[in-house]
Amino acid sequence: MKTIKASGIGKPIDRIEGRLKVTGMAKYATEFPVENKVYAQAVNSTIAKGEIVSIDTSEAEKAAGVLAVLTHKNAEKLKAFEEEMPELGTTTIAPVLQSNKVHYYGEYVGLVVAETFEQATYAAKLVKVKYKEETPDIHLDKSRAKAYKPTESSDFSRGDMDAGMAAADQTLEATYNTPIEHHHPMELHAVIASWNNGKVLAYTSQQMVDNSTIVISDTFQIPKKDVRVVAAFVGGGFGSKLNTDRHVILALMASKKLGKPVQLTVTRNQMFTNTGMRQHNEQNMRIGAKKDGTLTALSHETLSHTSTFQEYQEPCGNVSKMLYKVPNNLIKHRLIPLNFQTPCSMRAPGEATGSFALESAMDEMAWKLKMDPIDFRIKNDTQIDLSEERPFSSRLLIECLRIGAEKFGWKERKMEPRTNTNGNWLIGYGVSAASREAPYKKTSSKVIISLEEGKAIATIQMDATDIGTGSYTIIAQTASEYLGIPTEDVTVELGDSNYPVTPGSGGSWGAASYCNGARAACENAIAELKRKKNIPEGEEIALADLLKQNDLTKFEAEGTAEPSEEFEKYSVFSFGANFSEVWVDKDTGMSRIKRMVNVGSAGKILNPKTAYGQIIGGLTMGVGMALTEQTKIEPNFGNFITRSFADYHAPVNLDMANVEVIFLPEEDKIANKMGVKGIGELGITSVAASIANAIFNATGKRMRDLPITPEKLIMAKLEPGVES
Ligand code: MOS
C-alpha cells in the first residue's frame with residue numbers, strides 16, 4: 001500500500017492502510033479468495049463438567065450439504081500435553097476432540113463441515129450429545145481449599161512485611177475484586193485452513209505469526225517449514241489472539257480429512273467460551289505508612305482461577321513490586337482450578353487489574369493520612385526498580401503526575417468527599433499512576449529497494465502483525481527515515497510467515513521491535529551499497545544515486561535488531577498518570593465520566609496520531625473495566641449468562657469523556673537505538689483506579705468490586721469519617 005503524505009518518524013501521518021480498510025480492500029482472515037472452500041461450525045458442550053456418554057451424528061450427517069462431522073470418536077490423534085496442568089503460552093499445543101471428557105461449559109465437542117455456512121450452522125444443531133454430568137467447580141469462594149502456588153516466581157518478597165506493618169503509623173487492609181472479562185475484538189476469531197499434500201496454509205486472525213506456525217506444527221507433529229500462516233490484517237486481538245486456539249486446529253483437522261480448504265469462524269457467542277478471557281481476581285492489599293507518607297510495607301496477594309487442565313496466571317502483583325519505594329514487600333499469586341476455559345492475557349495482563357488494586361489502595365491510604373494522593377505518590381517515588389535491584393532506564397512518573405495535575409486543574413479538587421456538587425450530581429476528581437514494562441525483542445526484516453523512473457522506492461517485509469495499532473504506518477515511517485525517501489515511496493508487507501521473523505504483536509513490544517528491525521535492514525542496505533563503492537559511512541548520498549552508482553536497479557538486504565547487553569542492566573518501563581472527573585447522581589447511582597487527562601512517558605513517539613489512538617482505546621477499555629464490563633456466571637451450571645453485546649456492556653462514545661492525551665517528549669536510548677517504548681497497554685493501566693478514586697472523592701463510597709454499577713453504588717456505605 002502507498003502513503004498519502006511524505007514524512008519520517010514522529011509525524012502524525014494518517015494510517016497508510018486506511019484507504020484499504022475503508023474501501024473494504026484490506027483482507028482479513030476469511031476474506032482471502034480461496035477456491036473450493038467449505039464451511040465448518042463447531043459444536044459446544046452444554047455441561048461444565050463430566051463425560052460424553054454418547055454422541056449421535058447420524059441426523060447431522062444426513063442434512064443437506066454436510067460433508068463430515070468430527071467428534072472425539074473419529075478425530076485423529078494429536079500431540080497430547082506431556083505434563084499435568086501445563087502453562088498456557090503462545091506456542092503451546094492446542095489439542096482438541098481428543099477424549100470424551102468435558103472440562104467447561106462450551107468446550108468444543110464436535111465440528112460439522114458442509115458446503116455452505118448456513119448448512120454447517122443448521123447441521124451443527126442436529127448433533128445429539130448425551131452426557132454423564134458432574135457438579136462443576138465454578139465458585140472461587142467455595143473452592144479456596146484447592147488454591148495452589150503455580151510457580152516459584154509466583155511469590156516475591158523483600159524485607160520483612162510484618163516488621164514494616166508494625167513500624168507504620170497508619171495501616172490499611174482491603175480486598176479488591178475484578179470480574180471475568182472478555183476481549184471481543186471487532187474481527188471474530190476465524191480461519192481458512194488448507195491442508196495440501198502435507199503442507200499447511202492458514203489464513204488466520206493471530207497476533208503472532210511465527211508462534212502460530214509453531215503451535216500448528218507441534219500439535220500435528222509436522223515440520224515447521226511446511227506450515228505457512230498469513231495474518232495480513234487483524235481486526236483487534238487484545239491478547240485473545242496471542243494464542244493459536246483450538247478452532248484453528250479443528251479447521252485443519254477437517255481440511256486434512258476432506259482435502260478441501262475449510263473456513264471456520266468462531267461466533268461472537270462462542271468467543272465467550274472458546275477464545276480465552278480475563279479471569280476473576282481477588283486481590284488483597286496491605287499497606288503501612290508513616291505519618292509523613294513514607295511507605296513502610298506493601299503486600300499484594302492475588303487469588304484467581306485457571307482451567308482444570310492448563311495453567312494461566314495473570315501477574316497482578318508485579319506492579320506492586322516495582323512502582324514505589326517500599327522496603328518491605330510481599331507478593332503472592334494463587335490459583336484454583338475451576339471448570340472454566342483457560343484464561344489468557346488480556347490487555348496489560350497484570351497491570352490493568354493489579355494497578356486497580358494498588359492504585360485504589362494508595363488512594364485509600366492517602367485519605368487516611370489526609371495527604372494529597374499525588375504528593376503521597378511522589379513521596380514514594382523510586383528511580384531504582386527494587387524488585388530487580390537495577391535502575392529504570394528512564395522514569396518520568398513524577399513529571400507525568402505534575403504535568404497532568406496542571407492540565408487537569410487538580411488544585412480545584414476538594415479533599416473532602418461530597419463537598420463538590422452541582423444540583424443532584426456529586427463531583428469527584430481521581431488520579432492514578434501507571435507503569436507497564438516496555439520490552440523489545442529480536443526482530444528481523446527485509447528491505448527491497450528498487451529504482452523506478454529514476455526514483456528510489458522500497459518495500460519492507462516482516463511477519464509482524466498490525467492488530468489495528470498502526471504497525472504498517474510506523475514501519476513505513478521508519479523506513480522513510482532510515483532510507484531518506486518519502487513515506488509514500490515505502491510499501492509495507494506484513495503478516496506472512498514467509499517473511500522474516502518478528503515477535504508479533506503483544507506485550508507492548510510491537511512498535512519498538514518492529515521499527516528497530518526495519519531500521520536494521522535499512523541501515524544494512526545503505527551500508528552495503530556504500531561499501532561496494534568505497535563511499536565513507538558518514539557521507540550523505542541520496543538512495544537513488546547510491547543505486548545508480550552501483551549500477552543497480554534493485555537491491556535487497558535483511559537486518560535483525562535485538563536488545564543490547566546494556567538493556568539487560570536496566571528495568572525498561574513506560575509510565576503514565578491518569579486523571580478523571582466523574583459525576584455521580586446522588587439518587588440513582590448513575591455515573592458519568594466528564595473528562596480525563598492521560599499523560600504518558602513512553603519514549604519517542606513514532607506517530608502521535610496512532611499513539612493517541614492506542615491511548616484512547618486503552619482508556620475506553622479502562623472505563624469498561626471500571627463501570628460496565630463483566631461476564632456473569634450461572635451459579636449452578638457454570639455457563640456464562642452474559643454472552644452477547646446485549647448483556648456484556650462495553651462503553652460507547654456517549655459513555656466516554658472528553659479525553660486529553662499528552663505524551664512527554666522523551667527518547668530512551670537504553671531501551672533501544674530508536675528510543676521507542678511500548679504504548680499499547682499503558683493506556684488501560686490504572687484507569688479503573690482513577691475512576692474508582694474519583695467516585696470516592698465524589699461520593700465518599702469506596703468501590704472495591706468492579707464494575708461499579710449504579711446498584712452497587714447505591715447500596716454501598718460511606719467510608720468511616722466521611723460526612724454525609
Ligand atoms: Mo497483549 S494482552 O500482550 O495482546
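Counting convention: from 1, in listed order, for ligands and their atoms alike.
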Quick one: which ligand 1 atoms are inside 4.0 Å of a heavy atom on Arg347?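 Taking each heavy atom of Arg347 in turn, ligand 1 has 2 (S) under 4.0 Å.
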
Heavy-atom contacts with Pro349 under 4.0 Å: which atoms of ligand 1 show up? List them by number with element.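 Those qualifying, in numeric order: 2 (S).
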
Which residue and atom name correspond to the protein heavy atom nearest atom 3 (O) of ligand 1, and how close is it?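 Minimum-distance protein heavy atom for atom 3 (O) of ligand 1 reads Gly507 N, 2.6 Å.
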
Compute whether any side-chain donor of one residue and acceptor of the other, for Gln310 and Glu87, lie under 3.5 angstrom apart. no

Taking every non-hydrogen atom, the tightest pair across Ala42 and Leu264: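 Where Ala42 meets Leu264 most closely, the heavy atoms are N-CD1, 4.1 Å.
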
Any N or O on Leu242 sitting closer than 3.5 Å to an N or O of ligand 1? no

Test your reading of the structure: does Gln207 have an N or O sitting under 3.5 Å from an N or O of ligand 1? yes

Looking at side-chain heavy atoms only, is the closest gap between Phe233 and Tyr472 below 4.5 Å? yes

Assess Glu681 for proximity to ligand 1: is some non-hydrogen atom of it under 4.0 Å away?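 True for this residue.
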
Less than 4.0 Å is my threshold; does some heavy atom of Gly237 fall inside it relative to ligand 1? no

For Tyr28, is there any backbone N or O sitting under 3.5 Å from a side-chain donor or acceptor partner on Glu31? yes

What distance do Gln279 atom CD and Gln313 atom CD have between them, rounded to the nearest 0.5 Å? 7.0 Å

From Thr560, Thr443, Asp463, Thr465, residue fulfilling side chain to side chain donor-acceptor pair (under 3.5 Å) relative to Thr502: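 Answer after filtering Thr560, Thr443, Asp463, Thr465: Asp463.
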
